[in-house]
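One structure is given below, encoded as structure tokens.
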Amino acid sequence: GRVKEMNTYAWPTVFGGAGGESERTRADIISTVEFNYSGDLLATGDKGGRVVIFQREQENKSRPHSRGEYNVYSTFQSHEPEFDYLKSLEIEEKINKIRWLPQQNAAHFLLSTNDKTIKLWKISERDKRAEGYNLKDEDGRLRDPFRITALRVPILKPMDLMVEASPRRIFANAHTYHINSISVNSDHETYLSADDLRINLWHLEITDRSFNIVDIKPANMEELTEVITAAEFHPHQCNVFVYSSSKGTIRLCDMRSSALCDRHSKFFEEPEDPSSRSFFSEIISSISDVKFSHSGRYMMTRDYLSVKVWDLNMESRPVETHQVHEYLRSKLCSLYENDCIFDKFECCWNGSDSAIMTGSYNNFFRMFDRDTRRDVTLEASRESSKPRASLKPRKVCTGGKRKKDEISVDSLDFNKKILHTAWHPADNVIAVAATNNLYIFQDKIN
Amino acid sequence: MAGASGLGTGPGAAGGDGDDSLYPIAVLIDELRNEDVQLRLNSIKKLSTIALALGVERTRSELLPFLTDTIYDEDEVLLALAEQLGNFTGLVGGPDFAHCLLPPLENLATVEETVVRDKAVESLRQISQEHTPVALEAYFVPLVKRLASGDWFTSRTSACSLFSVCYPRASNAVKAEIRQQFRSLCSDDTPMVRRAAASKLGEFAKVLELDSVKSEIVPLFTNLASDEQDSVRLLAVEACVSIAQLLSQDDLETLVMPTLRQAVEDKSWRVRYMVADKFSELQKAMGPKITLNDLIPAFQNLLKDCEAEVRAAAAHKVKELGENLPIEDRETIIMNQILPYIKELVSDTNPHVKSALASVIMGLSTILGKENTIEHLLPLFLAQLKDECPEVRLNIISNLDCVNEVIGIRQLSQSLLPAIVELAEDAKWRVRLAIIEYMPLLAGQLGVEFFDEKLNSLCMAWLVDHVYAIREAATNNLMKLVQKFGTEWAQNTIVPKVLVMANDPNYLHRMTTLFCINALSEACGQEITTKQMLPIVLKMAGDQVANVRFNVAKSLQKIGPILDTNALQGEVKPVLQKLGQDEDMDVKYFAQEAISVVAQRLRKLDFPVKDSGEPSVPRADKNHFPRPRVPGEDTGKGPVYQLHGDTRDTLAQLEIAELVHFSQSRD
């Protein structure tokens with residue numbers, strides 16, 4: 001069974017500060033995690049505007065167990081803090097999202113965005129160096145220009161592998177509000193970027209213009225009732241994208257039918273249960289993430305307390321609803337007071353779409369097996385992740401007697417939240433960002 | 001170059017003591033790796049010099065291997081390299097060695113930057129022509145195959161452009177292979193490659209045997225035209241044009257039309273847009289029979305498409321469609337089959353559609369002739385002149401000449417006027433700017449009488465617009481009008497009104513007078529400039545606002561060439577000298593600049609200028625001297641000022657001499 005398999009996540013690799021709360025600085029907090037299409041590279045972005053890329057080690061005869069371990073491949077500063085002088089606004093350097101491009105040559109490309117500006121980065125390797133100058137000796141001394149007797153053409157010699165990250169394009173000045181999503185189209189030449197009220201369509205090679213395809217800004221801002229929270233392209237149908245709203249609904253648009261997609265072609269909404277209606281209903285129903293399954297048949301949405309799977313052919317209700325931390329329903333009032341209720345949890349599919357994963361508090365994250373309907377709570381922490389040991393399932397006790405190994409709702413640490421997780425596109429390898437630490441867990445090798 | 005080529009025999013040739021002619025080449029080679037991109041670029045652009053110095057052998061054995069691995073560089077360097085290599089055959093030893101250039105270009109053909117890749121492909125295509133048939137099969141075709149089966153789609157996209165250059169010269173066996181490879185790229189996994197294949201399909205079809213076109217290209221075309229990706233399908237429309245040119249009418253009907261019909265009704269507006277955008281090409285390629293039976297109905301659908309972008313693209317083609325129809329059927333087809341749809345579009349909900357139509361609709365009048373234009377098109381023009389969207393009105397007005405030829409503009413003038421007035425007063429300054437630019441054209445077509453009566457006041461009103469760009473355009477407009485209507489007209493209608501503004505309380509309007517004078521003086525000629533304009537300019541030298549004063553200096557410099565020596569010597573120079581002592585820095589600067597230009601001109605006219613020191617007394621008596629800035633003082637009194645003027649004159653004269661000397665020594 002899948003859940004059993006899930007329990008065997010082991011061999012964690014931990015990156016980040018050596019642990020202690022005191023060492024945690026704001027800039028180191030991881031703000032996005034994303035595998036590339038092959039899963040061999042994993043990128044993280046942080047609040048300090050840096051992007052760190054990890055590479056999976058290839059099979060190695062001398063170190064048979066090293067297969068699959070991820071090591072730092074490249075680190076670069078993607079965004080810097082800026083100031084918008086016209087609007088007197090500070091623009092944070094925090095990386096909101098990273099999306100990889102399908103690999104087109106030996107180099108790798110990714111898009112990274114902060115609130116306003118999207119950048120296309122190229123990550124490439126260099127392992128040769130040119131040697132030999134005409135006007136200099138090997139040790140750098142200048143030669144007498146009048147005593148040059150022969151011309152020397154430089155020769156390429158092998159050198160230690162160097163990984164370079166270079167900015168290739170900057171897509172700026174198209175968003176008035178904060179960018180929350182970017183998504184690459186399956187046509188491999190366009191991508192979308194979404195902010196609170198608008199979605200723009202870009203060509204990857206053109207930076208000086210983009211097309212506005214969705215605009216929900218009302219003429220009078222006082223009539224504003226909802227904002228766009230996330231948007232994503234369909235994995236195969238180049239004309240289809242979805243966007244989610246703060247009201248808990250999802251709209252699917254078809255770009256074939258018209259150039260402006262203000263009118264959706266599908267509208268996914270689950271009727272509200274009047275019995276559970278409360279002051280917090282609207283806040284907790286806000287969708288923080290939407291992801292198509294790899295097959296393109298389903299999509300998954302995350303709201304504050306649950307994760308839902310929708311069949312694209314059924315708009316009236318989700319086909320699955322998984323409770324992530326239902327025990328928090330009684331604590332919404334204090335979560336509202338400490339602003340945690342506005343946390344934006346992301347969610348992800350495994351490679352075969354049979355399981356899903358999303359984060360919670362207290363460094364817990366949840367996995368749901370869609371076939372067996374079983375679920376598990378795991379913890380990302382240095383203590384629980386001893387090398388080659390399996391992760392132990394955790395349980396939160398809700399009232400009554402607390403069993404051994406259980407943790408009470410009241411002792412959950414709400415500062416330790418797991419908002420960003422990623423699942424390898426083919427293998428059972430997951431990456432979990434716990435504030436400033438990145439945990440990579442993978443299946444045991446038989 | 002000739003000297004450098006002598007070094008080509010190798011290092012030994014230069015002799016033991018060194019050769020200073022090697023130095024520049026040595027620098028160029030070292031700078032291939034300089035940290036400064038500009039220097040690297042410079043070296044790459046002189047690659048032929050380096051190669052010439054190294055000689056063909058070392059170029060092949062050392063330089064090219066080095067360049068093959070230089071693909072890490074900046075795009076602009078790679079682009080220059082790709083371009084250079086296309087003309088390198090002579091430098092590697094001629095056609096027999098052209099294949100040595102393939103490795104570096106092969107690498108460049110896989111980089112991610114499209115411009116670099118395209119340039120590398122262009123150079124490869126160029127070099128392919130220099131290969132002997134044997135070398136082509138031994139080196140070039142294997143390269144194409146390598147690219148076509150490469151792991152990365154950048155290399156496969158590059159391959160798509162290379163098939164057509166090697167196919168005609170390849171043997172039959174290789175031809176079959178090439179066709180096979182092209183086929184497989186047409187069904188590649190990545191849309192990137194399928195797009196490249198689709199965009200080269202037409203080109204490839206042209207070099208194929210007709211049988212192969214029918215048996216192989218057409219099925220590929222059909223497949224690409226029903227690809228799941230919109231971006232691939234829309235490229236198939238383009239291919240359709242090239243393929244259609246190769247086939248007979250009967251074949252077109254059975255092999256191409258089903259696919260084209262499908263494209264016209266494609267679910268994606270982008271594909272339909274492409275059909276509309278390529279409509280004229282399609283019409284020409286398909287011929288009159290298919291046009292009549294199929295394309296006209298298709299065009300009707302495009303004109304009433306649900307997507308505005310498609311309707312706009314189709315509306316743009318209305319005129320060309322008419323022009324491409326056989327002469328004898330034109331009128332009937334347009335009248336019966338197209339005009340009803342055009343009438344609908346005139347009141348379309350989308351402004352882009354309406355303005356697209358407005359930009360071409362006037363062109364139909366030549367096709368339909370006078371009667372039809374008056375009866376059917378004129379009501380449309382009149383409606384469009386009243387359209388709520390200013391762009392529609394502008395587009396009609398800017399194309400008036402087409403109608404003018406057919407029915408004369410008088411038919412329209414009654415409706416034209418309110419439309420022009422409204423645009424002239426539009427709240428958006430860009431709209432006002434646009435209509436100003438059509439004024440000279442309109443003036444020419446409407447005639448001077450109509451213009452004076454109805455439009456002249458508008459032109460004058462723009463001179464005091466609150467946006468500078470409008471005032472500037474308005475002054476240029478006056479100049480063009482004077483060129484059209486002549487100096488007499490200018491003297492009677494324009495100049496007095498412009499000059500009155502010199503007394504305007506707003507200094508911006510006073511400056512407009514100066515700008516107008518700058519623009520008009522040449523068109524108006526010496527007499528008007530000297531008698532009417534110059535006095536006003538001189539008078540303004542005493543303006544309170546420094547901006548006006550330095551513009552006086554600039555104006556005097558500008559109109560200097562039109563004036564005669566007397567005016568320059570007696571009137572302009574003293575005023576400039578006075579301004580040259582102004583308390584304002586800018587005024588001083590521009591005055592001195594003008595002084596030097598004027599002095600130069602005086603020298604040219606009357607060399608040597610001996611009497612330049614004496615101001616001519618009779619002129620000084622005239623009341624043309626700018627008055628000093630004493631508020632309330634009467635302009636007519638000058639003696640006090642004259643004294644000042646005289647004493648300063650020698651000083652200023654020295655300055656002039658110095659400036660002239662300086663500018664001469666610089667020459």
Side-chain angles (χ1 to χ4, degrees), chain A residues 101-109 120 122 124-136 142-158 162 164 166 168-169 185-190 203-206 211 236-240 254-261, chain B residues 7 10-12 14-20 22-23 25-27 29-30 32-33 50 53-54 58-59 61-63 65-66 68-70 72 74-75 110-115 150-155 157 190-192 195 228-232 266-271 273 306-310:
Chain A
L101 264 52
Q103 196 172 359
Q104 51 179 332
N105 61 9
H108 297 272
F109 292 82
L120 174 66
K122 174 185 181 182
S124 55
E125 295 184 353
R126 181 185 288 208
D127 59 0
K128 286 190 188 121
R129 193 164 50 97
E131 277 182 7
Y133 281 100
N134 285 294
L135 306 178
K136 279 190 281 194
L142 288 179
R143 291 206 184 111
D144 179 358
F146 296 103
R147 303 200 62 82
I148 294 170
T149 55
L151 292 173
R152 299 174 54 174
V153 177
I155 306 163
L156 291 158
K157 294 268 172 69
M162 198 167 80
E164 292 173 316
S166 46
R168 302 295 298 182
R169 305 246 194 281
N185 192 314
S186 61
D187 67 10
H188 296 187
E189 68 174 357
T190 56
H203 192 287
L204 280 162
E205 295 193 352
I206 299 167
F211 296 96
H236 315 302
Q237 292 167 14
C238 61
N239 50 298
V240 171
D254 185 344
M255 298 200 299
R256 286 185 304 192
S257 54
S258 81
L260 269 175
C261 297
Chain B
L7 302 168
D17 266 345
D19 181 345
D20 56 358
L22 283 180
Y23 180 69
I25 308 289
V27 172
I29 294 178
D30 283 4
L32 283 172
R33 294 148 61 203
I50 297 174
L54 289 171
R58 292 193 68 197
T59 298
S61 62
E62 294 177 50
L63 186 61
F66 169 67
T68 303
D69 282 308
T70 323
Y72 304 113
E74 303 281 333
D75 299 334
T110 64
V111 301
E112 68 281 356
E113 199 57 54
T114 317
V115 278
D151 284 341
W152 310 123
F153 61 71
T154 45
S155 87
T157 50
T190 62
M192 216 53 135
R195 275 199 295 276
E228 56 169 16
Q229 291 279 340
D230 301 356
S231 55
V232 177
D266 197 284
K267 264 190 162 181
S268 170
W269 69 269
R270 289 166 70 196
V271 177
Y273 173 94
C306 58
E307 171 56 42
E309 298 276 350
V310 178

Distance col, row T190(B):OG1 vs H188(A):NE2, nearest 0.5 angstrom, shows 6.5 Å
Shortest non-hydrogen separation from F66(B) to A130(A) and the atoms involved:
CE1-CB, 3.7 Å
Ignoring hydrogens, what is the shortest heavy-atom contact between S257(A) and E307(B)? Give both atom names and the distance.
O-OE1, 4.1 Å
Calculate, to the nearest 0.5 Å, the distance between atoms CD and CH2 belonging to Q104(A) and W152(B) respectively.
10.5 Å
Highest number of heavy-atom pairs under 4.5 Å with chain B among E164(A), H236(A), M255(A) belongs to M255(A)
Here the gap from K267(B) atom NZ to N239(A) atom CG, rounded to the nearest 0.5 Å, amounts to 8.5 Å
Among R152(A), R168(A), E205(A), which residue forms the greatest number of heavy-atom pairs with chain B at distances under 4.5 Å?
R168(A)
Is there a side-chain contact between D230(B) and D187(A) in this structure, where contact means two heavy atoms from C-beta onward sitting under 4.5 Å apart?
no
With only heavy atoms counted, which part of E62(B) is less than 4.5 Å from chain A, the side chain, the backbone, both or neither?
both
Option that, when pairs with chain A are counted at under 4.5 Å, heavy atom only, ranks first among V232(B), T157(B), D75(B), D266(B)
D75(B)
Residue of the set K157(A), R129(A), K128(A) for which salt bridge (Lys or Arg N to Asp or Glu O under 4.0 Å) holds with D69(B):
K128(A)
Heavy-atom neighbours of Y273(B) OH exceed 12 at 6.0 Å:
no
Does any donor atom in the side chain of N105(A) or E112(B) lie under 3.5 Å from an acceptor atom in the other side chain?
yes
Nearest heavy-atom pair of A26(B) and L135(A): which atoms, and what distance?
CB-CD2, 4.0 Å
Which atoms of S186(A) are under 4.5 Å from chain B, going by heavy atoms: the side chain, the backbone, both sets, or neither?
both
Separation between CZ (R256(A)) and CZ (R270(B)), nearest 0.5 Å, reads 11.5 Å
Salt bridge (charged side-chain N to carboxylate O under 4.0 Å, His left out) for E131(A) and R33(B)? Distances and angles first, verdict last.
CA-CA 10 Å; E131(A) 277 182 7; R33(B) 294 148 61 203; over 6 Å; no
Given that the side chain runs from C-beta out, which part of T110(B) has a heavy atom under 4.5 Å from chain A: side chain, backbone, both or neither?
backbone
Rounded to the nearest 0.5 angstrom, the CD-CZ distance for E189(A) and R195(B) is 3.5 Å
Rounded to the nearest 0.5 Å, what separates atom CG in N134(A) from atom CD1 in I29(B)?
5.0 Å
